[in-house]
Number of protein chains: 2
Amino acid sequence: MDAYKIIRKKILLGDFSQGQRLTEEYLCEQLSISRTPIREAIRRLESDGLIMSLKRGVAVRSFTKEDVRQIYDLRALLEGYAASQAAHNRSEKDINKLQATNHAFAEQLAVYDEENKETLESVVNENRAFHEALIASSKNAHVQMLISKVTVLPLVYGQFHWNSVVGMERSKAAHDTLISAIMKKDGERARSAMLEHIYQGRDAVLTHLTKDGKIIEGAEPI
Amino acid sequence: MDAYKIIRKKILLGDFSQGQRLTEEYLCEQLSISRTPIREAIRRLESDGLIMSLKRGVAVRSFTKEDVRQIYDLRALLEGYAASQAAHNRSEKDINKLQATNHAFAEQLAVYDEENKETLESVVNENRAFHEALIASSKNAHVQMLISKVTVLPLVYGQFHWNSVVGMERSKAAHDTLISAIMKKDGERARSAMLEHIYQGRDAVLTHLTKDGKIIEGAEPI
DNA sequence: TGTTGCGCTATTGTATACAAAGATGTTATT
DNA sequence: AATAACATCTTTGTATACAATAGCGCAACA
């Protein structure tokens with residue numbers, strides 16, 4: 001795994017906390033690697049929007065509640081578009097893939113155990129696999145790239161969404177609806193199902209953020 | 001100007017042609033600079049989608065006609081969204097700015113002279129300024145970032161759009177419509193005006209590409 | 001006490017040397 | 001003549017040294 005992926009993972013998992021300054025030397029120590037590849041990784045992470053540049057050096061980006069709202073809304077816009085395009089451009093193979101990944105999602109759901117963190121991770125991974133398969137079905141590399149730019153919210157937030165079996169079951173049902181619409185080449189229905197699906201996630205996260213008192217005011221970092 | 005900006009400009013202006021391989025050493029010579037900053041610039045350009053990585057090294061990205069279509073469609077989606085958000089979030093200051101930039105656009109249009117390339121450049125610049133002001137009015141930094149990712153089509157293509165005074169006048173009118181809708185906080189109208197405006201540009205470019213025999217088939221690079 | 005200037009330190013920016021890994025070309029063997 | 005093996009060359013990957021600069025603390029002065 002290269003420096004970029006390692007640092008990215010550490011940010012997403014919260015190993016580096018929001019606002020934390022990342023000096024090149026510090027990263028060199030952490031990864032036992034020299035500054036050259038670190039610097040390249042930093043440029044990429046900057047372009048991803050995962051880190052912000054200070055007057056001197058960079059820090060892990062912090063997000064406000066308003067950021068979270070805007071990012072989810074853009075995900076809805078883009079994934080909704082991807083879903084409608086998928087309905088038009090999907091092949092039989094794509095359908096199979098979508099059904100297979102959603103089946104795997106359901107299976108992980110069945111063995112999910114609140115006490116076992118790994119089972120949650122599996123659920124989240126299978127969900128991601130489904131979304132990736134759907135986006136790939138759109139046959140649009142550019143929308144895929146854009147969506148990757150708005151999936152930068154540290155996983156921690158995303159997982160607020162996955163805090164209830166009820167929510168997970170609803171996601172499974174939403175995936176079923178999406179597959180059905182895509183099979184029927186009903187682009188508008190696919191889009192609306194995706195919008196609803198993502199707004200569900202957004203609202204769960206925003207509710208959680210407000211409730212936990214972690215942040216609250218729009219302008220404050222979380 | 002740093003290495004990133006210089007290389008980016010050279011790609012957009014066509015100084016480096018599509019598909020051309022860019023070795024680090026070659027870029028070092030061109031910019032009279034060492035490999036370290038060159039490598040960082042390459043990583044950023046890669047993330048921008050302006051260059052593609054080969055088995056070994058990178059090359060200037062080439063776009064197919066289908067790429068052009070997809071990119072314009074995504075611009076329409078995102079700028080349409082930005083326009084509707086601008087209608088809701090704009091301040092009085094934003095309105096003034098929009099009117100000022102569109103006024104400047106009209107002025108450049110008035111002195112435009114087919115024989116003088118610089119006047120065309122001025123028109124294009126003022127148009128960009130208007131779009132930037134509009135996006136800024138949306139008060140959404142994330143949509144701004146995403147739009148910057150889909151403005152990677154070498155300027156050469158974009159300028160196909162600016163090949164007739166008629167098209168330019170239509171753009172001016174579209175900007176007026178946009179300002180009017182944004183002033184009235186009519187988000188849906190702003191979105192639809194923006195969609196139409198961008199599809200006009202897309203169609204002009206696609207028609208040109210087909211006519212010039214530069215490419216034609218969807219899968220071939222332009 | 002506040003503030004201005006200076007010098008030191010921490011950190012980033014750039015160049016370059018060396019290592020590693022492909023690509024290419026050449027020769028020997030069939 | 002075709003191909004496999006090897007050597008060579010090109011190009012990228014990594015480490016490190018040195019240069020430049022921003023930030024900070026300290027001291028001198030008002």
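First the proteins, then the strands, lettered A, B, ... as listed; each starts at 1. Excluded from the calculations below are hydrogen atoms, water molecules and symmetry mates; all remaining heavy atoms, backbone and side chain alike, are included.
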Q: So does B/K97 have more than 12 non-hydrogen atoms from other groups sitting under 6.0 Å from NZ?
A: no

Q: Hey, does B/T36 reach any base, or is it just sugar-phosphate, or nothing, if we go heavy atoms under 4.0 Å?
A: base

Q: Looking at B/R43 and B/E40, is any side-chain nitrogen of the basic one under 4.0 Å from a carboxylate oxygen of the acidic one?
A: no

Q: Separation of B/I38 atom CD1 from C/dG13 atom P, in whole Å?
A: 15 Å

Q: Please list residues of residues 48-57 of chain A whose heavy atoms come under 4.0 Å from any atom in DNA chain C, ordered by number; otherwise none.
A: A/R56, A/G57

Q: Starting at CD of B/E46 and ending at C1' of D/dG13, how long is that distance when rounded to a whole Å?
A: 14 Å

Q: Counting N and O atoms only, with roles assigned by atom type, does the side chain of B/K172 sit under 3.5 Å from a partner on the main chain of B/A106, one being a donor and the other an acceptor?
A: no

Q: Using 4.0 Å as the upper bound for N to carboxylate O, is an ion pair formed by B/D15 and B/K9?
A: no

Q: Quick one: B/R21 CZ to C/dG22 P, roughly how many Å, whole number?
A: 13 Å

Q: For B/R39 and D/dG13, is the shortest distance between a side-chain N/O and OP1 or OP2 below 4.0 Å?
A: yes

Q: Provide, to the nearest angstrom, the distance between the CG atom belonging to B/L31 and the P atom belonging to C/dA15.
A: 11 Å

Q: Do A/H197 and A/H131 make the cut of ring centroids closer than 6.0 angstrom?
A: yes

Q: Rounded to whole Å, how long is the line connecting atom CD of A/E40 with atom C1' of D/dT12?
A: 10 Å

Q: Between C/dT14 atom P and B/E24 atom CD, what is the distance in whole Å?
A: 15 Å

Q: Under a 3.5 Å cutoff on both atom distances, Watson-Crick or G-U, what's the dot-bracket for DNA chain D ([ ] crossing, | other strand)?
A: ||||||||||||||||||||||||||||||

Q: Flag yes if more than 12 heavy atoms outside B/Q20 fall under 6.0 Å of its CD atom; otherwise flag no.
A: yes

Q: Is there a side-chain polar atom (N or O) of A/S34 under 4.0 Å from OP1 or OP2 of D/dA15?
A: yes

Q: Is it the case that B/D67 and B/T64 place a side-chain donor and acceptor less than 3.5 Å from each other?
A: yes

Q: For residues A/D48 and A/K149, report the shortest heavy-atom separation together with the two atoms involved.
A: OD1-NZ, 3.4 Å

Q: In whole Å, what is the span from the CD atom of B/E25 to the C1' atom of C/dA17?
A: 14 Å

Q: I need the CG-P distance between B/D2 and C/dT14, as an integer number of Å.
A: 8 Å

Q: Counting C-beta onward and ignoring hydrogens, is there a side-chain heavy-atom pair between A/I42 and A/L27 closer than 4.5 Å?
A: yes

Q: Compare side-chain N and O positions of A/R43 against OP1 and OP2 of C/dG13 and report whether any pair is under 4.0 Å apart.
A: yes

